[in-house]
Novice: 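Can you keep this structure in mind? I'll have questions shortly.
The basis for the numbers below is simple: all heavy atoms, side chains too, and nothing from hydrogens, waters or symmetry mates.
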Amino acid sequence: MGSRTMLAFTDGAQQQRRSPRYRVLLIARLVTTFSERIVKLRDLSTSGAMIEGPRIPPVGTDILLQRGSLEVFGTIVWARDMQAGIEFDEPLTETMLWMQVNAPRHIHESEPPAPPPRAA
């Protein structure tokens, strides 16, 4: 997947994002001081992410985003309908980002991948 700078809309004004975003479809856990829920990661960059799911916390909520070995603190910076933007407190390294963007896709994230077929 190639990187591509996308535009953010803030109070009706266009503002170019600071880092390239990668379109993904990954399952993650969103943790707040009051709850935790499963969300879909829809895009990801070193500085933030877009998530999708029910009961999105309001703007200004501090969160912990978890996916596998990735744990990153951030803040909800925009929310509408069932989507929200997260700005990370500390940027991801290129390696951390690469590991998520190129992660194997499985139907059920909690299940291990099937073993390869045995040769006859």
Side-chain angles (χ1 to χ4, degrees):
M1 232 179 250
S3 66
R4 178 174 42 185
T5 304
M6 298 176 69
L7 297 178
F9 296 92
T10 308
D11 297 329
Q14 290 186 359
Q15 174 185 3
Q16 197 166 18
R17 294 192 188 268
R18 291 178 279 176
S19 58
R21 296 213 164 223
Y22 296 90
R23 288 181 180 258
V24 295
L25 180 54
L26 303 169
I27 301 300
R29 181 177 310 278
L30 186 72
V31 181
T32 70
T33 55
F34 300 104
S35 67
E36 65 180 63
R37 64 205 59 157
I38 301 300
V39 295
K40 294 177 189 171
L41 276 172
R42 301 300 296 191
D43 74 32
L44 188 63
S45 75
T46 56
S47 61
M50 182 174 75
I51 59 169
E52 183 177 89
R55 302 181 347 254
I56 296 293
V59 171
T61 301
D62 292 326
I63 60 91
L64 172 64
L65 185 67
Q66 299 175 317
R67 182 175 189 288
S69 63
L70 177 69
E71 290 192 344
V72 59
F73 289 98
T75 304
I76 303 287
V77 292
W78 64 264
R80 66 179 166 273
D81 302 322
M82 293 179 55
Q83 295 183 329
I86 298 171
E87 182 176 16
F88 299 146
D89 291 353
E90 297 289 328
L92 300 180
T93 65
E94 291 293 327
T95 301
M96 293 165 71
L97 177 61
W98 186 251
M99 289 174 62
Q100 298 304 314
V101 169
N102 292 299
R105 279 21 172 221
H106 302 291
I107 294 174
H108 300 288
E109 292 279 331
S110 60
E111 294 180 11
R118 292 195 292 184

Novice: Got R67 and L41 here, is their nearest side-chain heavy-atom distance under 4.5 Å?
Specialist: yes
Novice: Through direct or indirect side-chain contacts below 4.5 angstrom among Ile, Leu, Val, Met, Phe, Trp and Tyr, which residues connect to F34?
Specialist: none
Novice: Under the rule for side chain to side chain contact (heavy atoms under 4.5 Å, CB included), what residues qualify as partners of E90, not counting sequence neighbours?
Specialist: none
Novice: Hydrophobic side-chain clustering at under 4.5 Å (ILVMFWY, transitive links): who's grouped with V31? Put none if nobody.
Specialist: L64, F73
Novice: Evaluate the side chain to side chain contact (heavy atoms under 4.5 Å, CB included) criterion for residues W78 and I56: first the C-alpha distance (whole Å), next the side-chain angles of each, then the deciding distance (0.1 Å), finally the verdict.
Specialist: CA-CA 10 Å; W78 64 264; I56 296 293; over 6 Å; no
Novice: Rounded to the nearest 0.5 Å, what separation is found between the OG atom of S45 and the CD atom of E87?
Specialist: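 Answer rounded to 0.5 Å: 9.5 Å.
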Novice: So which pairs with a foot in residues 48-61 pass side-chain hydrogen bond (donor to acceptor under 3.5 Å, both in side chains), sequence neighbours left out?
Specialist: E52-Q83
Novice: S35: which residues meet the side chain to side chain contact (heavy atoms under 4.5 Å, CB included) condition with it, sequence neighbours left out?
Specialist: T32, R37
Novice: Which residues satisfy the salt bridge (charged side-chain N to carboxylate O under 4.0 Å, His left out) test with E36, sequence neighbours excluded?
Specialist: R29
Novice: Quick one: side chain to side chain donor-acceptor pair (under 3.5 Å) partners of D62, sequence neighbours excluded?
Specialist: T75
Novice: How would you list, by chain and number, every residue that makes a side chain to side chain contact (heavy atoms under 4.5 Å, CB included) with M96, sequence neighbours excluded?
Specialist: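 Per chain and number, M96 pairs via side chain to side chain contact (heavy atoms under 4.5 Å, CB included) with L70, L92, T93.
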Novice: Can you find a heavy atom in the side chain of V77 that is under 4.5 Å from one in the side chain of V59?
Specialist: no
